[in-house]
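Remember, predicted model here, so these are calculated numbers, not experimental data. For the single chain, residues carry numbers from 1 onward in sequence order.
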Amino acid sequence: MSGEELRKRFETAFMPNYGVPPVVLARGEGCRVWDAGGREYLDLIAGIAVSSLGHGHPALVEAVSAQVATLAHTSNLFLHEPEVLLAERLRELLGGDGRVFFANSGTEANECALKLAIKYGGQNGRTYFVAAENGFHGRTMGALSLTGKASIREPFGPFALDVRFVPYGDAAALEAAVDENCAAVFLEPAQGEAGVVPPPEGYFTAAREICDATGALFVADEIQSAIGRTGTWFAFQHENAKPDILSLAKGLGGGLPIGACIAFGPHGDLFAKGDHGSTFGGNPVSAAAALAVLDTIEADGLLANAAAVGEILAEGLDGIDHPLLAGVRGRGLWRAAVLTGPHAAAVETAARAAGFLVNALQPDALRIAPPLVLTAEQARSFTGAFPAILDAAQNGREG
Ligand SMILES: *Cc1c(COP(=O)(O)O)cnc(C)c1O
C-alpha cells in the first residue's frame, strides 16, 4: 500500500490524538529506516529513545524469535526464566539490591511507583506529592496527575492526589515544598518531553538530601534517560544520587514494550501480595528482548559509544553558526538542538527532506535521540548537513 493511501486510511480509522504522522515507515536496519516509497532516512529519533540497538539488530531478532517460538506468554500465575534473569540483571546494574516489578510501558512503571508512594504515605501519615513544572510522567491518570505540563494535565482534572509542582532545577524551591507530610518527590534527571532540559549540576544530589532529611521517597523517572542514553546505565549515576524508587521503560526493551519499577531497601517490600499486578507485565518475549539489549550494550561498549558519539554530535552542532540555531543541550545521545525561535517544525520538515528523522519536541527545540549504535560517521553526516537544513527551514523550502 502506498504511504499516501495508508495515511488516508489512518485518518479515518484512528482517533485524532496523534494527528496523521507525516511518514509511513516500512523497514529499518541499524540506524537507517525506509519509508513506504523506498526513501532512506537516518533515524535520529529511535522511536522516541526506544530502539537502543537500532533496527533489526541480530541479537534482538534472535532473542525475540527464539522466545516467541518457545513460550510467548505465561501471565503472572506462572514464572519464567527470562523475567527472573532480567530482574537479577537490573539489580546487578543497580548495585545488587532493589526489588522489581515489570509493566508494559513507562506510564505503568510510574503507576507502580505512585502506588508504592501512596502506600508509604498511608503508613506514615504523608499526604502529598511533589513533582516539577513542565515534567512528564505519562498519560494514565496517576502519572498524569504528576505531569507538570498543564496543557497535558489540566483537560483531564481534577485529580484525586494532592500534587504540588515546583520549578525544575531549583533546589531551594524543592526544599521549601517538601516537609514531613510529603510522601514522595518525582523527578526526571533531565526533563525529556520539556525539551531535554538538564537541571543545574547538583540538583539530583540536593533532591536526594532533601528527601533524606524529610523522609519523603525520592522517585527518579528514568523512563527516557536510562539504559545508556546519557552514556551511563542510569542518568542518576552522573551524580550518584540513587533514588528510593526508579522507573524505566523506553530503551529497555529495544523496541519491545516493557516497563520496570525498582524499589530499594525497605521500599521494595511495600506491596503486600495482591496489591498490584499486570497480565502482560514482564512477559517472556519482552524480557528476552531486554536481556538482549543489556547484554549487547555491555558486549559492544555502547555506553562509551553513546558518550563519545554524543560529544561528536554536540560539538558538531555547537560549531554551527546560524541565525536559527541557539545551541545544544543534553548529554550522551540525548540532545536537543535549541533554536532561536519557534522553528522546530520547519527544521524537522527540512531535515526529513534531507534524509534525517529528528523530532520537533518543543516549538524551539529539536530532539535528537538516536539508537546507541550510531557511529561517529553517521553523527557527522547529520551535523555536516545541518547548516543547509537550517537554511532550507529559514527559506521555507523543503531541502
Ligand atoms: C515517555 C515517558 C513516560 C511515559 O512512557 P509511556 O511508555 O509513553 O507510557 C514517562 N516518563 C518519562 C520521563 C518519559 O519520557
Side-chain angles (χ1 to χ4, degrees), residues 1-65 68 104-106 139 192-193 223-224 227 229 249-258 285-286 289-290 292-293 296 309 313 333-337 344-361 366-375 377-379 381-382 385-386 389 392-393 398-399:
M1 222 181 291
S2 78
E4 202 182 328
E5 186 182 352
L6 275 171
R7 294 181 70 240
K8 217 167 76 205
R9 288 166 68 163
F10 178 98
E11 188 167 19
T12 305
F14 281 70
M15 294 184 188
N17 56 306
Y18 295 121
V20 183
V23 178
V24 178
L25 289 181
R27 68 189 178 92
E29 190 184 318
C31 294
R32 297 175 303 159
V33 290
W34 286 264
D35 71 14
R39 263 209 79 188
E40 180 183 328
Y41 304 87
L42 185 65
D43 179 7
L44 299 172
I45 306 176
I48 315 186
V50 165
S51 306
S52 10
L53 305 184
H55 304 278
H57 193 289
L60 190 67
V61 172
E62 197 188 313
V64 168
S65 308
V68 79
N104 311 286
S105 66
R139 303 281 192 164
E193 295 306 301
I223 285 162
Q224 193 161 161
I227 318 298
R229 178 75 22 214
K250 291 194 168 85
L252 178 59
L256 276 284
I258 186 166
V285 179
S286 291
V293 166
T296 303
V309 178
L313 200 53
L333 286 175
W334 197 35
R335 302 280 178 170
V347 177
E348 178 193 291
T349 301
R352 190 162 60 239
F356 299 95
L357 299 184
V358 292
N359 167 227
L361 179 57
L366 213 61
R367 172 162 47 196
I368 304 163
L372 305 183
V373 296
L374 191 79
T375 65
E377 191 191 343
Q378 286 169 328
S381 76
F382 174 66
F386 203 52
I389 289 168
E398 297 206 351

Flag side-chain contact, heavy atom, 4.5 Å: [X] against [Y]:
{"X": "Asp43", "Y": "Pro370", "answer": "no"}
{"X": "Leu42", "Y": "Leu357", "answer": "no"}
{"X": "Leu44", "Y": "Leu374", "answer": "yes"}
{"X": "Val24", "Y": "Phe10", "answer": "no"}
{"X": "Phe382", "Y": "Val358", "answer": "yes"}
{"X": "Leu25", "Y": "Trp34", "answer": "no"}
{"X": "Val373", "Y": "Cys31", "answer": "yes"}
{"X": "Trp334", "Y": "Gln224", "answer": "yes"}

At their closest point, which heavy atom of [X] faces which heavy atom of [Y], and how far apart are they?
{"X": "Ala63", "Y": "Ala292", "value": "CB-CB, 3.7 Å"}
{"X": "Pro257", "Y": "Ser286", "value": "O-OG, 2.7 Å"}
{"X": "Leu53", "Y": "Val293", "value": "CD1-CA, 3.9 Å"}
{"X": "Ile389", "Y": "Ala354", "value": "CG1-CB, 3.8 Å"}
{"X": "Ala36", "Y": "Gly3", "value": "CB-N, 3.8 Å"}
{"X": "Ile223", "Y": "Gly106", "value": "CD1-O, 3.2 Å"}

| message | Check this for me: Glu11, atom CD, are more than 12 non-hydrogen atoms of other residues, nucleotides or ligands nearer than 6.0 Å? | response | no

| request: Walk me through it: do Arg32 and Glu29 pass the test salt bridge (Lys or Arg N to Asp or Glu O under 4.0 Å)? | output: CA-CA 5 Å; Arg32 297 175 303 159; Glu29 190 184 318; 3.7 Å; yes

| query | Does the side-chain contact (heavy atoms from CB on, under 4.5 Å) test come out yes or no for Leu256 and Val285, once each step is laid out? | reply | CA-CA 8 Å; Leu256 276 284; Val285 179; 4.0 Å; yes

| request: For Ser51 and Gly255, indicate whether the former's side chain and the latter's backbone hold a donor-acceptor pair under 3.5 Å. | output: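 A pair under 3.5 Å: no.
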
| Is there a donor-acceptor contact under 3.5 Å from the side chain of Arg367 to the main chain of Glu193? |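 No, because the side chain of Arg367 does not come within donor-acceptor range (under 3.5 Å) of the backbone of Glu193.
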
| Glu348 and Arg352 ion-paired at < 4.0 Å |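 Yes.
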
| query | Charged N to carboxylate O under 4.0 angstrom, Glu5 versus Arg9? | reply | yes

Just verifying a value: how many Å separate [X] [atom1] and [Y] [atom2], rounded to the nearest 0.5 Å?
{"X": "Phe14", "Y": "Arg7", "atom1": "CZ", "atom2": "CZ", "answer": "13.0 Å"}
{"X": "Lys250", "Y": "Ser105", "atom1": "NZ", "atom2": "OG", "answer": "9.5 Å"}
{"X": "Ile368", "Y": "Asn359", "atom1": "CD1", "atom2": "CG", "answer": "10.0 Å"}

| query | With Val309, which of Thr375, Leu333, Leu372 fulfils side chain to side chain contact (heavy atoms under 4.5 Å, CB included)? | reply |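 Passing option: Leu333.
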
